[in-house]
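See below for the structure under consideration.
Hydrogens, waters and symmetry mates play no part in the numbers below; they use all other heavy atoms, side chains included.
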Amino acid sequence: MRPAPTVLHLDMDAFFAAAEQAAKPSLRGKPVVVGGLGPRGVVATASYEARRFGIHSAMPMAQARRLAPNAAYLVPRFALYRTVSEQVMELLGRLSPLVEPLSLDEAFVDLEAGGSADDAASARATGERLRRDIRAVTGLTGSVGLAGSKMLAKIASEQAKPDGLVLIEPGTERELLGPMSVRTLPGVGPATGEHLRRAGMTTIADLTEAGEDELVRLVGKAHGTSLYRMASGHDDRPVVAERETKSVSVEDTFDVDLHDRVRVRTEVERLAERCVRRLRESGHSGRTIVLKVRRYDFSTLTRSETLRGPTDDPGVVREAAGRLLESLDTTGGVRLLGVGVTGLTDYTQEDLFAQAAADAEAAGATGAVDEPDPVVVPGEPEPRSDPDAVAVADEVAERHWPAGHDVRHAEFGAGWVQGSGVGRVTVRFEEPTSAVPGRVRTFRTDDPDLELSEPLPLVAVPPDEEAGPREPA
C-alpha cells in the first residue's frame with residue numbers, strides 16, 4: 001500500500017454505447033444497446049438510458065429486446081472504438097510511462113512514476129484534468145478512481161460512475177471496504193461467493209472478522225491468504241506497462257447450428273485465416289494450434305496440436321486446425337467454432353525444410369506435396385486462400401448493411417444504417433457534429449450511390465491541427 005493515492009484507474013462510461021451516441025445526434029439521451037443482433041447475440045454494452053430497463057452486458061440480445069423493444073440496437077464498430085481508445089491511451093501516456101491497459105476502455109496509471117502526483121491534492125487535480133482532456137479530445141466521459149493500490153483504485157472508479165471522480169484516502173480502506181459485498185474483491189466469482197455465503201460471510205467485514213486461518217481452511221492457502229490481505233485493504237500489485245500476450249484467438253457463434261461437415265470445415269479454415277492475421281498484426285508467431293467446438297447441446301470440446309516450432313503461416317495453421325477437426329464428432333450440429341494459437345514468440349523459428357520433408361513423407365514415395373485447400377468464400381467467383389483475398393471477401397460478405405455502421409451517399413453525404421431488409425436499407429443522414437438529428441431516407445440495398453464508409457471523428461478537428469504544426473517564425 002502506498003502512503004498517497006497515486007494509483008489511478010480510468011474506466012470509460014458505457015464506452016461502446018456512448019461512442020455511438022456521440023456519433024449519432026438522434027440517439028443522444030435515448031436507450032442504445034450494442035452487441036450481436038442475431039438470435040444468439042449478446043449485449044456488449046448498454047447505455048445508461050438502456051440500463052434503466054434492466055439491460056446489462058452479457059445479457060442475451062433477445063432478452064434485451066423484450067425489456068426495451070424501442071431501444072436502438074446496433075452492431076459494434078470496433079474501428080471507431082479502437083481509434084477513440086488510442087486517443088485516451090495517449091492522454092494517459094502523458095501522465096506516466098507506467099500505463100497498464102486492461103481493455104479498450106479501461107487502464108491503470110502509476111501517477112507517482114510519471115511525477116504527475118505525490119499526494120492527495122495533486123492526484124485529485126491530475127484526475128480532474130484527465131477527465132476534462134478526455135471529454136475535449138473524444139467527446140466522451142470517463143470515471144476516475146484514485147487510491148494507494150490497484151484494487152482500491154478500481155473500486156473507487158466504480159463508485160465514481162458515471163462521469164465522476166472518487167479518491168480513497170490512505171488509512172480509510174477497511175472502513176470503506178467493510179460493508180461491501182465479498183464479490184467486490186478481485187478473484188471472488190459466483191462460485192467462491194456462494195461458498196463464502198454458505199459459511200456465513202457476505203460482506204468484506206465478515207472476511208476480516210473470520211481471520212486468515214479460517215479463509216485458508218475454506219478456500220485453500222493461496223486463495224485464502226490473498227483474500228484476507230485484500231479484505232484488509234492490502235494490495236501490492238504494481239502497475240505493469242506491458243502485459244505479455246499469451247495467446248491469439250478468434251471465434252464465431254452461428255445463428256443456426258451447422259450440420260454440413262463441409263461447411264464446418266470451411267468455417268474453421270476462415271477462422272484460421274483471421275487468427276493468423278491477428279497473430280501477424282501483434283508481431284507474434286505461435287507453436288500450439290487450438291480448436292474449440294461448442295456443439296448443439298452446449299458441450300464444449302477443445303483440441304490442440306503442438307508444432308515443431310512457432311509459425312505464422314496461414315497454411316500451417318489452417319491445416320493443423322483441419323486435422324484437429326477430423327478428430328471431433330460434429331454430426332449433432334455445431335453452434336460455435338474457435339481457432340487459437342498459443343505458445344507465442346516474437347518471431348518465427350519454424351524449420352521449413354523439416355516441415356517440407358515431413359509433408360513429403362506423408363504424401364508418399366513420389367514426394368509430391370499437395371497445396372492446402374483454398375478457402376471457399378460464398379459469392380466469390382474463384383477460391384481464394386491468401387489473407388488479402390480473404391479480407392476482400394469478408395468486406396463483400398459484410399455489405400448486408402449492419403445496423404449502426406457508417407455509409408456515404410453520392411448525393412446526401414454521410415449517414416448511418418438504421419436498418420435493412422427485404423432489399424431495402426434505411427439511412428439517417430447525420431454526422432457527429434450535426435446540430436440536429438438528420439433526415440431518414442430508404443434505398444435499394446444495391447444502390448450504386450450508397451457505400452459503406454469509415455467512421456467520422458467524434459470531435460471536430462480544429463483547422464490549424466488539420467494543417468499540422470506550423471513552422472516557427
Side-chain angles (χ1 to χ4, degrees), residues 2 4-23 28-29 31-34 43-52 55-58 80-82 84-96 98-111 114 116-117 120-170 172-173 176-177 180-181 183-186 235 237 239 458-459:
R2 300 184 180 189
T6 54
V7 177
L8 180 149
H9 180 258
L10 170 72
D11 195 355
M12 300 295 288
D13 300 321
F15 183 47
F16 294 176
E20 297 298 346
Q21 288 176 317
R28 293 170 190 170
V32 174
V33 182
V34 180
V43 175
T45 309
S47 68
Y48 286 97
E49 296 86 355
R51 295 181 190 187
R52 297 192 188 106
I55 299 174
H56 56 78
S57 299
L80 171 63
Y81 311 148
R82 280 192 290 267
V84 177
S85 177
E86 289 169 0
Q87 294 173 320
V88 172
M89 296 303 166
E90 181 181 354
L91 292 174
L92 298 182
R94 297 177 187 177
L95 301 180
S96 172
L98 293 183
V99 177
E100 181 178 342
L102 303 179
S103 61
L104 289 175
D105 63 336
E106 186 180 1
F108 287 109
V109 184
D110 187 334
L111 299 180
S116 302
S122 58
R124 183 180 294 276
T126 299
E128 293 291 5
R129 184 172 68 252
L130 173 64
R131 292 177 58 233
R132 291 194 299 270
D133 290 345
I134 289 174
R135 183 184 286 274
V137 171
T138 69
L140 306 180
T141 64
S143 296
V144 169
L146 294 158
S149 69
K150 292 167 71 172
M151 178 188 75
L152 292 171
K154 185 172 175 63
I155 290 174
S157 69
E158 188 64 32
Q159 291 185 326
K161 283 186 167 295
D163 191 21
L165 182 149
V166 168
L167 184 148
I168 299 177
E169 291 279 1
T172 66
E173 297 89 357
L176 172 78
L177 292 173
M180 294 183 178
S181 166
R183 292 288 305 277
T184 305
L185 298 177
D235 178 19
R237 295 174 299 162
V239 176
L458 301 183
V459 175

Check your understanding: Any sub-3.5 Å donor-acceptor pair from Thr126's side-chain atoms to Ala117's backbone N or O?
Key -> no
Review point. Looking at Ile55 and Val33, what are the two nearest heavy atoms and their distance?
Key: CD1-CG2, 4.0 Å
Review point. Has the side chain of Arg82 got a donor or acceptor atom that lies under 3.5 Å from a matching backbone atom of Leu104?
Key: no
**Study point:** Non-neighbouring partners of Glu90 that pass salt bridge (charged side-chain N to carboxylate O under 4.0 Å, His left out), sequence neighbours left out
**Key:** Arg94
Check your understanding: Measuring from Met151:CE to His9:NE2, what's the distance to the nearest 0.5 Å?
Key -> 13.0 Å
Revision key, fill the gap. Note: Leu152 and Ile168 closest approach over all heavy atoms is O-CD1, 3.5 Å
Check your understanding: Just wondering, do Val137 and Val459 contact through their side chains at under 4.5 Å, heavy atoms?
Key -> no
**Study point:** Residue list, salt bridge (charged side-chain N to carboxylate O under 4.0 Å, His left out) with Glu128, at least two apart or on another chain
**Key:** Arg131
Check your understanding: Under 3.5 Å, is there a donor-acceptor pair between the side chain of Thr138 and the main chain of Val84?
Key -> no
For residues 11-23, please give each side-chain donor-acceptor pair under 3.5 Å, one per line with the distance, not counting sequence neighbours.
| residue | atom | partner | partner atom | Å |
| --- | --- | --- | --- | --- |
| Asp13 | OD1 | Ser143 | OG | 2.8 |
| Asp13 | OD1 | Lys161 | NZ | 3.0 |
| Asp13 | OD2 | Thr141 | OG1 | 2.8 |
| Asp13 | OD2 | Asp163 | N | 2.8 |
| Glu20 | OE1 | Lys24 | NZ | 2.5 |
| Glu20 | OE1 | Arg77 | NE | 3.3 |
| Glu20 | OE1 | Arg77 | NH2 | 3.0 |
| Glu20 | OE2 | Arg77 | NE | 3.2 |
| Glu20 | OE2 | Tyr81 | OH | 2.6 |
| Gln21 | NE2 | Lys30 | O | 2.9 |
| Gln21 | NE2 | Glu49 | OE1 | 3.2 |

Point to revise | Any Arg2 side-chain heavy atom under 4.5 Å of Asp110 side chain | key: yes
Review point. If you take all heavy atoms of Ile155 and Met180, which pair is closest and at what distance?
Key: CG2-CE, 3.7 Å
Review point. For Ala120 and Pro5, which heavy atoms make the closest approach, and how far apart are they?
Key: CA-CG, 3.7 Å
Review point. Counting distance only, does the side-chain N/O of Ser157 pair as donor-acceptor with the main-chain N or O of Val144 below 3.5 Å?
Key: no
**Study point:** Minimum heavy-atom distance Arg237-Lys150, with the two atoms named
**Key:** O-CD, 3.3 Å
Exercise for review: Hey, could you give me the CD/OG distance between Glu106 and Ser85, rounded to the nearest 0.5 Å?
Suggested key: 11.0 Å
Check your understanding: Is there a side-chain contact between Leu111 and Leu146, using heavy atoms and a 4.5 Å cut-off?
Key -> yes
Check your understanding: Of the non-hydrogen atoms in Ala107 and Pro101, which two are nearest, and what is the gap between them?
Key -> CB-CA, 3.8 Å
Review point. Got a second to check how far Gln159's CD is from Leu176's CG, nearest 0.5 Å?
Key: 5.0 Å
Review point. Is any side-chain heavy atom of Leu91 less than 4.5 Å from a side-chain heavy atom of Leu130?
Key: yes
